[in-house]
Amino acid sequence: MADRVLWNVENLCMEIGRQVLFDHAAMSVHDRERVALVGRNGCGKSTLLKIIAGQEQPSAGEISIARNICISCMPQNFEPDPELSAREVVREGIARFESLLQRYETLPADSPEHEKLEHFLTSHDAWHPQNKLETALHKLSLSGLDRKCRELSGGELRRVVLARAILAEPDLLLLDEPTNHLDVETVAEIEEFLAGYRGACLFVTHDRYFLDRIATRILELDNGKFFSCEGAYADFLIAKEEREYAEDQAENRRRSFLRREIEWVRRSPKARLRRNLGRLKRYDEIASQSAPVRTGRMELVIPRASHLGNKVVDLKNVSFSRGGKMLIREFSFEFAAGQKIGIVGVNGCGKTTLLKLMTGQLRPDAGEIFVAPTVEFNYVDQARVALNPEHTVWEEIGEGRESVNLGEERISIRGYLKRFMFEDERINSQIQYLSGGEKARLMLAKILRGGGNFLILDEPTNDLDLISLRILEEALADYGGCLVVVSHDRYFLNRVCNHIISFEGEGRLFDTAGDFDYYQLKKKERSEAARENSRKTETKVSSSPPEKKNLPKKLSFKEERELESLEKSIAEYETRIAEIEQMFSDPEFFAKHGQDSAVLSREREETAALLEKAYSRWEELESKKESFQERG
């Protein structure tokens with residue numbers, strides 16, 4: 001890791017209302033390091049990123065920034081012009097290089113700035129910005145870029161915004177919750193991309209696998225101060241526990257000293273002598289020191305689940321399609337009491353549709369769904385749980401009542417909200433002024449107050465901080481009813497779930513007993529078996545003798561000529577495909593042919609389709625010919 005400091009701040013101070021975000025804090029980011037910024041919701045993580053990006057100004061602080069560095073930011077909430085296409089938004093990322101290239105072309109060749117720009121453009125391989133755009137789109141598997149932003153899903157829009165930030169190849173890349181709303185496959189692609197990123201990266205995430213793979217250092221923001229730890233998330237937890245233990249021991253020693261000094265002052269007349277004024281001054285200094293502040297812990301309240309019988313929810317050969325797309329094909333599954341099931345799959349595959357079928361909000365096209373009379377669903381989908389920004393936290397949860405029923409327990413609204421870490425000031429705040437994490441906690445409070453013995457959570461981990469996530473995991477692990485969770489958080493799925501239902505394309509669903517890691521192992525085995533079966537089938541088809549009963553005795557003159565022309569066409573198609581593939585394998589492909597990459601890709605696909613069609617017809621005619629020769 002290089003020693004150059006890209007961004008540094010000393011004595012950083014900032015308050016929002018009565019909340020102190022930064023209290024004479026200090027931190028820095030060095031060249032080429034990847035720093036994970038962690039801390040409780042609302043502590044100031046997103047605000048720090050905005051300060052570094054120049055979008056907000058702190059109350060105080062000495063900030064120093066390395067000369068001529070580029071800083072690019074992917075915010076947690078980004079709303080581009082809905083009428084812009086995805087490609088237009090992504091293209092904003094290469095505006096930097098296009099501007100510098102235009103500047104370079106207007107400068108005299110012997111000017112110092114001309115030489116500097118030449119070195120910069122070469123080091124970033126930015127002589128052809130369009131090529132950089134196509135390369136980034138390919139690496140991030142972005143497609144459908146001609147669609148308007150208003151047509152994109154949340155996950156698709158986040159990938160577009162990420163590509164926009166990365167394309168600038170900044171010296172310091174800022175990412176605020178980059179994995180939110182993204183499926184497991186997409187997160188893995190982003191992990192691979194960032195692992196090889198040449199610049200420095202400061203990111204906020206709740207995805208612990210993502211953090212462990214990407215981060216070289218963890219920076220915690222706790223009660224206005226920064227604490228740095230090298231290593232993985234487990235190392236950070238150990239270091240945090242040791243730090244807090246040392247602080248508690250020091251606080252115990254401070255209190256013991258104060259007790260002894262108070263007793264001395266009370267009992268000893270000597271304490272009032274002039275020569276002891278220094279001792280009294282030392283007492284005042286130590287008494288003025290504050291005790292270490294500890295963040296409150298969320299106390300998740302999940303009402304006790306009522307009894308479930310042997311039958312819970314039973315799906316038999318259920319199928320469902322929408323807009324001509326098959327989402328679920330002949331899926332059968334029996335839910336049982338005590339099961340904790342994770343549902344996974346790419347965005348838009350039908351996960352939420354399955355939940356709505358189970359709860360009766362949708363009817364299947366085919367098959368049967370049985371729900372036992374003892375089942376009490378607690379499922380509020382994203383549309384129905386939307387928080388009213390004009391309401392206060394109290395109004396949103398209370399809905400005109402002073403208390404809520406939690407199973408057999410009745411608790412005041414204020415007491416209930418305090419268990420979710422909402423203090424008096426925040427309880428009376430409007431929702432529009434809450435942080436993303438506070439809104440996530442409030443949403444959980446709204447869902448969990450409903451009780452029920454069949455709990456359904458749709459993406460519960462988005463925006464929750466790491467501490468809240470651990471508490472949620474522990475609470476769900478102890479839940480006695482049936483639990484279904486839609487999530488892309490691999491660590492969460494491993495800790496909570498004992499069964500996985502996966503969407504794997506074309507309406508096919510698989511259920512696997514075990515945690516997420518075991519599911520991935522079985523999925524890999526299925527993929528390998530499918531490839532092996534495909535290979536065997538192809539070998540069998542190519543080696544099997546053609547059937548004779550329906551073949552004509554002899555090819556017609558027209559078919560003979562067609563067979564000859566097919567052989568020539570097949571050779572031409574294969575040659576052209578080989579030429580294109582050779583061009584793509586050239587390390588300098590984008591420098592030589594970057595502008596034609598889309599045309600060449602399309603030509604290869606079209607040629608491959610023609611080749612497949614030609615082969616199919618050739619095999620048909622050749623089979624007829626061989627059959628006639630065998631009979632002769």
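Heads up: numbering here begins at 1 and tracks the sequence. What's counted below: heavy atoms across the whole structure, side chains too, no hydrogens, waters or symmetry copies.
Put simply, the side chain of Arg508 gets close to the backbone of Glu504: a donor and an acceptor are under 3.5 Å apart. For the pair Thr216 (side chain) and Glu33 (backbone), a donor-acceptor distance under 3.5 Å is absent. Between the side chain of Arg363 and the main chain of Leu357, no donor-acceptor pair closer than 3.5 Å is present. Glu474 contributes no side-chain N or O that, together with a main-chain N or O of Ile471, makes up a donor-acceptor pair within less than 3.5 Å. Asn498 contributes no side-chain N or O that, together with a main-chain N or O of Ile341, makes up a donor-acceptor pair within less than 3.5 Å. Side-chain atoms of Arg426 do not come within 3.5 Å of backbone N or O of Val393 as any donor-acceptor pair. For the pair Glu395 (side chain) and Thr392 (backbone), a donor-acceptor distance under 3.5 Å is present. Here the side chain of Ser72 pairs a donor or acceptor atom with the backbone of Ala165 at under 3.5 angstrom. Side chain of Ser321 to backbone of Gly324: no donor-acceptor contact under 3.5 angstrom is found. A distance-only check finds a donor-acceptor pair linking the side chain of Lys351 to the backbone of Val346 [under 3.5 Å].
By the 6.0 Å contact criterion, CZ on Arg401 is enclosed, its count of non-hydrogen atoms from other residues, nucleotides or ligands being greater than 12. For CD of Glu532, the number of neighbouring non-hydrogen atoms (other residues, nucleotides, ligands) closer than 6.0 Å is greater than 12. Counting heavy atoms of neighbouring residues, nucleotides and ligands inside a 6.0 Å radius, atom CG of Asn310 does not exceed 12 of them. Shown here is Gln432, whose CD atom has more than 12 heavy atoms of other residues, nucleotides or ligands within 6.0 Å. Within 6.0 Å of the CZ atom in Phe370, the count of heavy atoms belonging to other residues, nucleotides or ligands exceeds 12.
Phe203 is linked by a ring pair (Phe, Tyr, Trp, His ring centres under 6.0 Å) to Phe210, counting only residues two or more places apart in sequence or in another chain. In this structure Lys523 satisfies the salt bridge (charged side-chain N to carboxylate O under 4.0 Å, His left out) test together with Glu185, sequence neighbours excluded. With sequence neighbours excluded, no residue forms a ring pair (Phe, Tyr, Trp, His ring centres under 6.0 Å) with Phe331. In terms of the side-chain hydrogen bond (donor to acceptor under 3.5 Å, both in side chains) criterion, residue partners of Tyr209 (sequence neighbours excluded) are, by chain and number, Asn494. Asp517 is linked by a salt bridge (charged side-chain N to carboxylate O under 4.0 Å, His left out) to nothing, counting only residues two or more places apart in sequence or in another chain. Applying the side-chain hydrogen bond (donor to acceptor under 3.5 Å, both in side chains) rule to Asp235 yields no partners; only residues at least two apart in sequence or on another chain are considered.
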Using the rule given for side chain to side chain contact (heavy atoms under 4.5 Å, CB included), can you reason through Ile218 versus Val35, listing the C-alpha separation, both sets of side-chain angles and the distance that settles it, and then say yes or no?
CA-CA 6 Å; Ile218 296 176; Val35 184; over 6 Å; no

Verdict with reasoning, Phe492 to Asp207, per side chain to side chain contact (heavy atoms under 4.5 Å, CB included)
CA-CA 9 Å; Phe492 178 86; Asp207 188 324; over 6 Å; no

Run the side chain to side chain contact (heavy atoms under 4.5 Å, CB included) test on Leu315 and Ser332 for me, step by step, so that the C-alpha distance in whole Å, both residues' side-chain angles and the decisive distance to 0.1 Å come before the verdict.
CA-CA 5 Å; Leu315 280 64; Ser332 298; 5.7 Å; no

Should Asp515 and Leu493 be marked as a side chain to side chain contact (heavy atoms under 4.5 Å, CB included) after you check the CA-CA gap, both sets of side-chain angles, and the distance that decides it?
CA-CA 7 Å; Asp515 61 13; Leu493 290 168; over 6 Å; no

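Put simply, the residue from Asp458, Leu455, Leu457, Val484 that forms a side-chain contact (heavy atoms from CB on, under 4.5 Å) with Tyr379 is Asp458.
Checked for salt-bridge contact, Asp222 and Lys240 meet the test: a charged N lies under 4.0 Å from a carboxylate O. Using a 4.0 Å cut-off between a side-chain N of Lys or Arg and a carboxylate O of Asp or Glu, Asp176 and Lys45 do not qualify as a salt bridge. Between Glu506 and Arg329 no salt bridge is recorded (no basic side-chain N to carboxylate O distance below 4.0 Å). One finds no salt bridge joining Glu368 and Lys316 here, because no Lys/Arg side-chain nitrogen approaches an Asp/Glu carboxylate oxygen to under 4.0 Å. Salt-bridge formation is not detected for the pair Arg470/Glu473: no Lys NZ or Arg NE/NH1/NH2 atom is positioned less than 4.0 Å from an Asp or Glu carboxylate oxygen.
Inter-residue side-chain proximity for Thr353 and Phe320 is flagged as met; some heavy-atom pair is nearer than 4.5 Å. Side-chain contact between Val375 and Phe335: absent, with no pair of heavy atoms (C-beta onward) separated by less than 4.5 Å. A 4.5 Å side-chain heavy-atom check between Arg490 and Arg495 finds every atom pair outside the cut-off.
Here the closest non-hydrogen pair linking Cys201 and Leu175 is SG-CD1, 3.9 Å. Closest approach of Cys149 and Val89 over heavy atoms only: SG-CG2, 3.6 Å. Heavy atoms only, all atoms of each residue included: Ile431 and Asn388 are closest at CD1-O, 3.3 Å. Nearest approach of Leu49 to Leu174, heavy atoms of both residues: O-CD1, 3.5 Å. The two residues Gly309 and Val312 make their nearest non-hydrogen contact at O-CG2, 3.9 Å. Shown here for Asn453 and Thr374, the closest heavy-atom pair between the two residues is ND2-O, 2.9 Å.
At a cut-off of 3.5 Å, with distance as the only test, a side-chain donor of His488 or Glu459 sits close to an acceptor on the other residue. Side chains of Arg147 and Ser85: no donor on one and acceptor on the other come within 3.5 Å.
Aromatic ring centroids of Tyr518 and His499 lie 6.0 Å or more apart.
A cation-pi geometry, defined here as NZ or CZ lying under 6.0 Å from the six-membered ring centre and within 45° of its normal, does not hold between Arg34 and Tyr197. For the pair Arg526 and Phe510, the distance from NZ or CZ to the six-membered ring centre is under 6.0 Å and the angle to the ring normal is within 45 degrees.
Note that CD of Glu402 is 7.5 Å distant from CD1 of Ile413, once rounded to the nearest 0.5 Å.
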